[in-house]
J.: 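This structure is in structure tokens; I'll ask about it shortly.
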Amino acid sequence: MEKESTTPNPRAHLKKPPWQIALTFFTKNLVLLLLLLLLSETILRLLFGNKGIYSIGLDSRTAEETKSFFQTTTKMMQVQIEAADRKIEKEIVDLRNELNERVDDFDFVYRTKLRDLGENVQSKIRSLIGKEWIWNNKSNNVLDGFNFKKRKDEGFDGDMKGYVKEMIEKAIEKHAADGLATIDYAVASGGGMVVKHSEPYNLQDEIHLFALKILQPSFGEPGQCFPLKGNNGYVEIKLSHTIIPEAITLEHVAKSVAYDRSMAPKECKVFGWLHPDSKKMVLLREFTYDLEKRNVQSFNVWEKGYAVNMMRFEFKSNHGDPTHTCIYRFRVHGYEPHSLSSLMPQ
């Protein structure tokens, strides 16, 4: 008894989708119809001369029926082709939505792992702080140059272990509090949003989802930014609350992990206004982002005492890249007023 062949069919995975089968079917039928018409015309020309079908002498009624038949057939073909086009467009939209969902899922998993890693590191540090072996006799050698008088003035009571532990705890708490330990009224998770921006670099949407990146922690990862075309542009941001602004913070990727920082903003301006009560934007600060300083740089605002709920961040140049400028994160700091008596000028 012969064994059935188990050789895989190399075309098994090339099965065409339904819309492609339908399109192929209609195309073949259209070509066949055109060939039949051409063949009929050729035969009639051979039989009746160069006049072809018009020399037969059909009466007007037959001619009208023939014309109507061809028109009806043409419309049917057009309807079928349009239906195939709609099917193709729907499958493209479905494929794009599926791709976006997969990207979002990957982003969520990645950020969750980063957060868990950060919590694990903090837990390890706290565990090490409590280990008695850190405070053995050898550790006392590093305390010889400690200025006890100065630290006493700062609240040191002689308990070195408790003092150092408190300092480390404060440092960890500050890092966990978004690195600055101050409220950010532009952060997306608190209600901040990008409402307008200049032309993005290699992105298509009018208000692109990547714009939200400038209102979220970047975790210091290169490339997690919003790229805008050219070396000048702007972003307009709606704050989570109406506030009296005191400072703004601009963040770029750190020098220690960056591939290239020439696309960092350089000459910058920040405007603010209270929407919809005021239509006039007030210049709050003009500054230069310095690559030689730390990657997170804060600047106090010039005009204080005004209530705002809208901000416009502009950059007039970058650090050398002619194609695009990357914004990693923009933050706004201040406090909520007790009343809105201090408004932006009309």
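Side chains are part of it too, since the values below use all heavy atoms of this structure and drop only hydrogens, waters and symmetry mates. Numbering starts at 1 and runs along the sequence shown.
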J.: Output yes when Glu98 and Arg96 qualify as a salt bridge under the 4.0 Å nitrogen-oxygen rule, no when they do not.
T.: no

J.: Hey, are the side chains of Met311 and Pro245 touching, using non-hydrogen atoms and a 4.5 Å cut-off?
T.: yes

J.: At their closest point, which heavy atom of His324 faces which heavy atom of Asn318, and how far apart are they?
T.: O-ND2, 3.4 Å

J.: Could you tell me which non-hydrogen atom of Asn231 sits nearest to which non-hydrogen atom of Thr325, and how far apart they are?
T.: CA-OG1, 3.5 Å

J.: When rounded to the nearest 0.5 angstrom, what distance separates OH in Tyr335 from CD1 in Ile243?
T.: 10.0 Å

J.: Side chains of Glu267 and Thr288: donor-acceptor distance under 3.5 Å anywhere?
T.: yes

J.: Tell me, with the steps shown, if Tyr201 and Leu228 meet side chain to side chain contact (heavy atoms under 4.5 Å, CB included).
T.: CA-CA 5 Å; Tyr201 178 70; Leu228 294 173; 5.9 Å; no

J.: Measuring from atom CZ of Arg331 to atom CD1 of Ile214, what distance do you get when rounded to the nearest 0.5 angstrom?
T.: 12.5 Å

J.: Would you sort out whether Glu236 and Val195 count as a side chain to side chain contact (heavy atoms under 4.5 Å, CB included), showing the intermediate values?
T.: CA-CA 6 Å; Glu236 291 187 0; Val195 296; 4.0 Å; yes

J.: Is a side-chain donor or acceptor of His319 paired with a backbone partner of Tyr289 at a separation under 3.5 angstrom?
T.: yes

J.: Compare every heavy atom of Val301 with every heavy atom of Ala247, then report the nearest pair and how far apart it is.
T.: N-CG1, 3.9 Å

J.: Can you see which heavy atom on Ala258 is nearest to which on Val253, and at what distance?
T.: CB-CG1, 3.5 Å

J.: Counting only heavy atoms not in Lys266 (residues, nucleotides, ligands), do more than 12 fall under 6.0 Å from its NZ?
T.: no

J.: Please step through side chain to side chain contact (heavy atoms under 4.5 Å, CB included) for the pair Gln216 and Val187, ending with a clear verdict.
T.: CA-CA 6 Å; Gln216 297 174 330; Val187 68; over 6 Å; no

J.: Do any N or O atoms from the side chain of Ser240 and from the backbone of Tyr185 form a donor-acceptor pair under 3.5 angstrom?
T.: yes

J.: Is any side-chain heavy atom of Phe313 closer than 4.5 Å to one of Ile327?
T.: yes

J.: For the NE2 atom of His333 and the CD1 atom of Ile248, what is their distance to the nearest 0.5 Å?
T.: 7.5 Å

J.: Using a strict 4.0 Å threshold on nitrogen-to-oxygen distance, state whether Asp184 and Arg329 make a salt bridge.
T.: yes

J.: Restricting to non-hydrogen atoms, name the atom on Thr242 and the atom on Ala307 that form the minimum distance, rounded to 0.1 Å.
T.: CG2-CB, 4.0 Å

J.: Between Tyr328, Phe315, Phe226, which is the residue that forms a ring pair (Phe, Tyr, Trp, His ring centres under 6.0 Å) with His252?
T.: Tyr328

J.: Is there a path from Phe330 to Leu291 through hydrophobic residues (I, L, V, M, F, W, Y) whose side chains come within less than 4.5 Å of each other?
T.: yes

J.: Rounded at 0.5 Å granularity, tell me how far NZ in Lys269 sits from CG in Leu283.
T.: 6.5 Å

J.: Examine Ile237 and Phe210 and state if one hydrophobic cluster contains both, with Ile, Leu, Val, Met, Phe, Trp and Tyr joined whenever side-chain heavy atoms are less than 4.5 Å apart.
T.: yes

J.: Show the nearest heavy-atom pair for residues Ala211 and Val194, with the distance to one decimal.
T.: O-CG2, 3.6 Å

J.: What do the steps show when you test Trp273 against Arg312 for side chain to side chain contact (heavy atoms under 4.5 Å, CB included), and what is the final call?
T.: CA-CA 9 Å; Trp273 69 99; Arg312 178 184 174 96; 3.8 Å; yes

J.: Quick check for you: to the nearest 0.5 Å, what is the distance between Leu284 atom CG and Phe271 atom CZ?
T.: 8.5 Å

J.: Just by distance, do the side chain of Ser198 and the backbone of Tyr234 share a donor-acceptor pair under 3.5 Å?
T.: yes

J.: Rounded at 0.5 Å granularity, tell me how far CD in Gln297 sits from CD in Glu251.
T.: 10.5 Å

